[in-house]
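What follows is a short report on a single structure.
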Amino acid sequence: MALPEPPRPRVPARQFGDLQLDIYLDGLEGRIPKYPVDFASLERKAAETLPWWVHSYVAGGCGDEYTQRLNVSAFQKYGIVPRMLNGAYERDLSVELMGIDLQTPLLMSPVGVIGLCAQDFHGDLHVAEAAARTGVPMIASTLTMDPMEAVAARFGETPGFFQLYTPRDRDLAASLVHRAEQAGFRAIVVTLDTWTPGWRPRDLNAASFPQLRGYCLENYFTDETFLRRLAASPREDRDAAAREWMRIWGQSLRWDDLDWLRSLTELPIALKGICHPDDARRALDHGMDAIYCSNHGGRQANGGLAAIDLLPDVVAAAGDMPVIFDSGVRSGSDLAKALAMGATAVGVGRPYAYALAVGGTDGVVHQLGAILAELDLLMAIDGYPSIEALRRAGVRRA
Ligand SMILES: Cc1cc2nc3c(=O)[nH]c(=O)nc-3n(C[C@H](O)[C@H](O)[C@H](O)COP(=O)(O)O)c2cc1C
């Protein structure tokens, strides 16, 4: 008689926190990690590695960058309260987002110049490979150095999301969404706060805007709908193509436009840039599938509050709708706090951009692993065996 199947393990045999022991054991053999595990060291190394104009674009924010700094420092006001004797020997970091099962709650936020952060300027492809290796989804920007089809082809088993900058030309918007569907992306993230660039002194003082030089526009330059607008192909006249892109790239959407966007696709849609509870409620009324609470890492409007301070009200208004969060997350403990404050999944922007600059695909895999190891060990030590347990416990204000 056949023996019954052994029960499926509830959590993977290997825990994310095991990276710590790997590193110490390597140290016994005289090997130290090739890339830093912390954000501050990574930021310093990336500043030495990136071309100045790419570094300016990535590191810079709006105005005097007050909101950008506040996004990060505001996390210090909140803390997770440890619980003991709670059986967190094994942790389950998996979550469900918009009907998609994810191994962890970590996401790579869309970064429009990620292509340029790699030394070969194919950063989008390297990040997609890192997504395949880690199970951490990439939210691919509309602004890429390689077309979305080539990016999606490297996701492996990891789901990928497509971020849409809705162009003024509705046919082009429809074409981009349909291409994303065809390419196998699992959801569309519509960014609402960037129909025009914010006021960024670092780039303004150097008169540098990479897209106007023709970088990161491959999704447009491979789109028949966009190409029909041009007198000459981008290969013949890149300047004219980039100027045409500038004319049409950003539409200031209104609530009614959401019904049109909804009609374009069956894929789940998340709205990125929602920071007010009333806007979250209206998104629900318009049939959206997720809220993405973010202030664009402080790059778009300065003088605003830290995004993390706005998250709890947005979560309360979103009801059963999942809430993605980003802006200012620099470590596993920041990630834990955002989850405990109600986020379903949490994105990082600059941390993986700098990791790519410093170490290519391996660098991104290492940095994502480091963030997840810190989250996992925090959950282990503070007594939270699952993301749901963390969420139920919430945070305490210092
Ligand atoms: C260099 C750079 C480019 C970005 N490009 C995009 C983009 O193309 N689309 C988008 O929705 N958000 C974009 N963002 C915003 C990120 O998705 C995210 O909201 C932000 O980086 C989170 O803040 P953090 O960098 O503090 O983690 C960009 C951010 C950076 C730093």
Side-chain angles (χ1 to χ4, degrees), residues 95-100 102 105-115 124 127-128 131 136-144 147-149 151-152 155 158-167 172-195 216 219 249-253 255 257-258 260-275 279-280 282-284 286-297 299-300 307 311 314-315 318 321-327 329 338 343-350 352-353:
V95 295
E96 192 207 301
L97 176 66
M98 299 184 282
I100 304 164
L102 302 178
L106 183 59
L107 305 172
M108 289 186 272
S109 298
V111 169
V113 296
I114 201 71
D124 303 283
V127 169
V136 175
M138 171 188 192
I139 308 176
S141 171
T142 317
L143 301 171
T144 49
M148 64 172 100
E149 291 79 4
V151 177
F155 286 153
T158 305
F161 304 155
F162 178 72
Q163 177 266 323
L164 178 72
Y165 279 136
T166 313
L172 177 56
S175 173
L176 292 170
V177 169
H178 292 145
R179 282 174 62 190
E181 265 180 350
Q182 290 283 312
F185 286 91
R186 303 279 301 278
I188 305 288
V189 171
V190 179
T191 298
L192 303 174
D193 61 9
T194 314
W195 52 275
C216 307
N219 281 330
W249 81 286
Q251 171 70 302
S252 167
L253 293 171
W255 286 103
D257 292 317
L258 293 185
W260 158 72
L261 273 172
R262 181 69 284 173
S263 75
L264 292 180
T265 179
E266 301 273 296
L267 290 178
I269 301 180
L271 293 184
K272 181 167 186 272
I274 299 277
C275 291
D279 290 347
R282 281 189 89 170
L284 188 59
H286 283 272
M288 297 294 110
D289 301 279
I291 296 297
Y292 193 146
C293 177
S294 161
N295 64 13
H296 216 101
R299 298 168 62 74
Q300 280 300 93
L311 175 65
V314 170
V315 168
M321 234 188 335
V323 177
I324 303 168
F325 173 81
D326 78 22
S327 295
V329 175
T344 310
V346 178
V348 288
R350 293 179 183 90
Y352 84 90

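Keep in mind that the numbers below use all heavy atoms, side chains included, and drop hydrogens, waters and symmetry copies. Everything numeric in this text was worked out from a predicted model, so none of it was measured.
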Checklist line | Leu143 versus Ser141, closest heavy-atom pair with distance | finding: N-OG, 2.8 Å
Notebook entry, point to check: Heavy atoms, side chains only, cut-off 4.5 Å: are Met288 and Val190 in contact?
Noted result: no
Next item on the list: Would you give the length of the straight line joining atom CD1 of Ile324 to atom CD1 of Ile291, rounded to the nearest 0.5 angstrom?
Entry: 9.5 Å
Margin query: Using only atom types and a distance under 3.5 Å, with no angle test, would you say the side chain of Arg262 pairs donor to acceptor with the backbone of Gly287?
Written below: yes
Item checked: Flag, side chain of Ser327 to backbone of Ala307, donor-acceptor distance under 3.5 Å -> no
Margin query: Please evaluate residues Leu253 and Leu261 with respect to the criterion side-chain contact (heavy atoms from CB on, under 4.5 Å), reporting the C-alpha separation (whole Å), side-chain torsions for both, the decisive distance (0.1 Å), and the verdict.
Written below: CA-CA 10 Å; Leu253 293 171; Leu261 273 172; 4.0 Å; yes
Checklist line | Gap between atom NE2 of His178 and atom OG1 of Thr265 - 0.5 Å precision | finding: 6.5 Å
Next item on the list: Taking all heavy atoms of Trp260 and all of Ala173, pick out the closest pair and write down the distance.
Entry: CH2-CB, 3.6 Å
Note to self: According to salt bridge (Lys or Arg N to Asp or Glu O under 4.0 Å), who are the partners of Asp193, at least two apart in sequence or on a separate chain?
What the structure shows: none
Margin query: So, taking the atom named CD1 in Ile269 and the one named CG in Leu164, what distance separates them when rounded to the nearest 0.5 Å?
Written below: 9.0 Å
Next item on the list: Determine the minimum heavy-atom distance between Ala131 and Thr158, stating which atoms define it.
Entry: O-OG1, 2.8 Å
Item checked: Note, Leu107 side chain near Leu102 side chain (heavy atom, < 4.5 Å) -> yes
Margin query: side-chain contact (heavy atoms from CB on, under 4.5 Å) for Leu192 and Ile274? Distances and angles first, verdict last.
Written below: CA-CA 8 Å; Leu192 303 174; Ile274 299 277; 3.9 Å; yes
Notebook entry, point to check: Does Asp326 reach the side chain of Ser294, with side-chain heavy atoms less than 4.5 Å apart?
Noted result: yes
Note to self: To check you understand the geometry: which heavy-atom pair defines the closest contact between Ala280 and Ala318, and what is its length?
What the structure shows: CB-N, 4.5 Å
Item checked: Between CD1 on residue Ile139 and NZ on residue Lys272, distance to nearest 0.5 Å -> 7.5 Å
Next item on the list: Take the angle between the ring planes of Trp255 and His286 and call it parallel below 30°, perpendicular above 60°, tilted in between.
Entry: parallel
Check: Quick one: are Val111 and Val127 in side-chain contact, heavy atoms under 4.5 Å?
Finding: no
Notebook entry, point to check: Is there side-chain contact between Asn295 and Gln300, with at least one heavy-atom pair below 4.5 Å?
Noted result: no
Checklist line | Over all atoms of both residues, closest heavy-atom pair of Ala290 and Met321 | finding: N-SD, 4.0 Å
Note to self: For a quick test of reading the model, state the closest non-hydrogen atom pair linking Ala174 to Leu264 and the distance between them.
What the structure shows: CB-CD2, 3.7 Å
Checklist line | Interatomic spacing from CG in Leu258 to OG in Ser263 - rounded to 0.5 Å | finding: 11.0 Å
Notebook entry, point to check: Is there side-chain contact between Arg186 and Phe161, with heavy atoms separated by less than 4.5 Å?
Noted result: yes
Next item on the list: Measure from the side-chain N and O atoms of Asp289 to the backbone N and O of Ala270, and report whether any donor-acceptor pair falls under 3.5 Å.
Entry: no
Note to self: Within the structure provided, determine whether His296 and Thr191 are in side-chain contact (heavy-atom separation under 4.5 Å).
What the structure shows: yes
Notebook entry, point to check: Do the ring planes of Phe155 and Phe185 sit parallel (below 30°), tilted (30 to 60°) or perpendicular (above 60°)?
Noted result: perpendicular
Notebook entry, point to check: Given the rule in the side-chain contact (heavy atoms from CB on, under 4.5 Å) test, do Leu176 and Met148 qualify, once you have shown the distances and angles that lead to the verdict?
Noted result: CA-CA 9 Å; Leu176 292 170; Met148 64 172 100; 3.9 Å; yes
Checklist line | Point-to-point distance, once rounded to the nearest 0.5 Å, from CZ of Phe325 to OH of Tyr292 | finding: 9.5 Å
Next item on the list: List the steps and the verdict of side-chain contact (heavy atoms from CB on, under 4.5 Å) for Ile114 and Tyr352.
Entry: CA-CA 9 Å; Ile114 201 71; Tyr352 84 90; 3.6 Å; yes
Notebook entry, point to check: Can you tell if the side chain of Pro147 reaches within under 4.5 Å of the side chain of Asn219, non-hydrogen atoms only?
Noted result: yes
Next item on the list: Using a cut-off of 6.0 Å, state whether more than 12 heavy atoms not belonging to Glu149 lie near its atom CD.
Entry: yes
